[in-house]
Amino acid sequence: MSDFDDDDLFEPIEPAQSAPKVPLSQRAMGISAPRPAPYLDGLNPAQREAVEALDGPVLMLAGAGTGKTKALTTRIAHLLNTGQARPNEILSVTFTNKAAREMKNRVANLLGQTVEGMPWMGTFHSICVKLLRRHAELVGLKSNFTILDTDDQNRLLKQLIVAANIDEKRWPARLLSGVIDNWKNRAWTPAQVPTGDASAFNGQGVDLYHQYQERLKTLNACDFGDLLLHMVTIFQRHDDILKQYQTWFRYILVDEYQDTNVAQYLWLRLLAAGHKNICCVGDDDQSIYGWRGAEVGNILRFEADFPGAKVVKLEQNYRSTAHILGAAAGVIRGNEGRLGKELWTDAEGGDKVRLIGHWDGNEEARWVGEELEAMQRGTRGNAPLSLDDMAILVRASHQMRAFEDRFLTIGLPYRVIGGPRFYERLEIRDAMAYFRLAVSQDDDLAFERIVNTPRRGLGDKAVQTIQRLARQNGVSLVEGARIAVEQGEIKGKGGKGLADLVIGLDRWHKQMTEEADTHVELAEMILDDSGYTAHWMNDKTPEAPGRLENLKELVKALEGFENLQGFLEHVSLIMDNESENSEEKVTIMTLHAAKGLEYPAVFLPGWEDGLFPSQRSMDESGLKGLEEERRLAYVGITRAETICTISFAANRLVYGQWQSQLPSRFVDELPEEHVDVLTPPGLYGGGYGAASGMSGVGSKIEEQALRADAYNSPGWKRMQENTGGKLRAKSSPGEARGLVIDMAAVSSFTQGNRVFHQKFGYGTVMGIEGDKLDIEFDKAGAKKVISKFIILASEAGDVPF
DNA sequence: AGCCTCCTAATTTTT
DNA sequence: TTAGGAGGCT
């Protein structure tokens, strides 16, 4: 059993030092101690209204960049400072850990002290875990249940699908997990799935859902959706428990309310039903997660749910220029059923949103690269910007590639946000499975995962034997394995390997309970003794060193926790991996990932119908889908502080086919008075033609400026450095750009050459295609790089083979 | 167990 | 086009 004796979380804790000591009688009369509230001074009237309306339902409609977090955190500070609530009586929910962390920090700043005593500030999921551990038995779980990640979930579902004799090719597990997730998002238990939905997944969806939930119970596990669903179920069935929490959570605050799904909505509504002290903050115009169950309806319906609710609109924007706001407003105006907000700003001046069409996606990437460098130098009419201040926001991650390729070519540092999370990586999951088994030998999923990782000669047959023995004896797989070893059921190499594994598992478990070593040492030992570390050290693929690195990081992360259990409990919910790198970099990410962020300069490429708005979204969800796409456009534009650049291409490579594209309908929704149409520099004789419907007249001055800039750009300089200055003499500013490319052909390489690249380090030339080289880099793996950015390793001091 | 070939699908993603 | 998974073959 793990440590969840947090009953103290509900004990009245000593109010913060600065909190008032007002006798209850006076409090009941509405008298509170007059106390300074300097934090209120920095608020605008709307924010202040939202902050001071402490009691009763409040809907804070906070547009992008209107100081939402400030209002929310100040409200919490105010609740504490006025003595309306103790820190542990405030339930404040966010979606991400990042948001929760930021909120904690900011409240602490406002109050001038750390907020240790705010145990109920966190994500929906983390709060639900805490609650569910206290009441697990009510839904057939033990309080030390494990939380499955998507991978475990899919493996489990796959077993069920195979067992049900369903063709898993036509009906893959991932599809089923999507269906079940959707049901859980709607707070439907298997019994509650309406008949209309029951036909899902070849007519066997509900049945499999049933089986899945049963299986989870046996495994003493639940998935992410269950955390919410179980709590809603418990609240609905056990009035006494609900009452208890309704009393304890005297004030409820919700961030990003437009992103809540039905389960979260019900959860909140149940908890708020008594006192109705609920403050929801959100922006219907930024609802972009409908596809994963978010219901914009929740925010649109707030006033109906909570009659007499106070609605406060935060519309003064502190982030963007008037033109950017105007452009965003023009686009979002196309949506119906909005609560209606219009952002405004005090700020004067500012550039219009820049719009440009390109010949194709590569040209677009090339142009963006040059713009980034120009802005870095400050030759776009602005003070020089750091690369950290610039971001490229794309609709779909495959768009990133063109930019990455281009930036690698010109040596422009970039970072990609998104991609696989740290704890989703193969090696991290494997390591975690070992840790899970050390904690509990009942964890069958963990056992299945690592039984033959590293290879122990245990194939499908061996695993089936173990499973059979476990089932026959009604025990866990680890026990089944033990029996298999004792009875000598598995012969040869596999038998030996399994015996070692079982012995190891026992030893680790014993050592963990005896706490002879620290948990960090134990973890290291587990990874070494199991042969897992060796497994990657022997692996010669280019990824192996990185994986070992990650394992080290994992062990390091352990240091921050009391013990292995504590770590495992948290890691399933937390652990965003932001390995901070000090180097200046442009950020590339999806529009979804950009929500909540802001950058002085933002690029929004790929505004083409079908890509953005996404065809699929429109096909699947029709007008609803299109409106969500439009909100995405709105989110994108409002990320920009001073420079917002929208672009599209006339041709794009889609699944290896060149397709001609039409500009996004959102382009035409941009109000003309807020847009500056740029003409692409004619360097490639490109330029966007009649198809765009745009006037195509551009400024000659701009064009010339671009040309001249190209030779002062950091990329150009870097390139010269990379080529050891060889090209410097021949290429001077003002010469035709084509020459640069010709120059590249001058450098010659042969297969097998040891070479050096500024970003990728040392490598070996594997092949040559025109001016591009196939290089197997020692650290970075295989890449295609234009030869002019490569120098022979001997010149750089590396010892050739 | 490991390698090879064929097939299919291809947005967005937190917890 | 390409990546990843499944199934088959050695």
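Convention: sequence-line order gives letters A, B, ...; per-chain numbering from 1. In this text, all values refer to a predicted model and were calculated from it rather than measured experimentally.
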Indicate, with a heavy-atom threshold strictly under 4.0 Å, whether [X] touches base, sugar-phosphate, or nothing.
| X | answer |
| --- | --- |
| Q264(A) | nothing |
| K158(A) | sugar-phosphate |
| R455(A) | sugar-phosphate |
| Y655(A) | base |
| E629(A) | base |

Fill in: Ring-base stacking, W291(A) with dT12(B) (5.5 Å, 30° cut-offs)
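Ring-base stacking flag set for W291(A) and dT12(B).
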Practice prompt. Decide yes or no, distance alone: a donor-acceptor N/O pair under 3.5 angstrom between the base of dT12(B) and the side-chain of R616(A).
Written response: no
Worksheet item: Are the side chain of E448(A) and the backbone N or O of L445(A) linked by a donor-acceptor pair below 3.5 Å?
Response: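 No, because the side chain of E448(A) does not come within donor-acceptor range (under 3.5 Å) of the backbone of L445(A).
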Discussion item. So, applying side chain to side chain donor-acceptor pair (under 3.5 Å) with N298(A), which one of D259(A), D284(A), N261(A), T260(A) is it?
Written reply: T260(A)
Discussion item. Using a 6.0 Å cut-off, check whether atom CZ of R401(A) has over 12 heavy atoms from anything other than its own residue.
Written reply: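 No, CZ of R401(A) has 12 or fewer neighbouring heavy atoms, counting only those of other groups under 6.0 Å.
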Fill in: N261(A) CG to dT13(B) C1', straight-line distance once rounded to whole Å
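Taking CG of N261(A) and C1' of dT13(B), I get 13 Å after rounding.
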Fill in: Side-chain N or O of T590(A) closer than 4.0 Å to phosphate OP1/OP2 of dT13(B)
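Result: yes.
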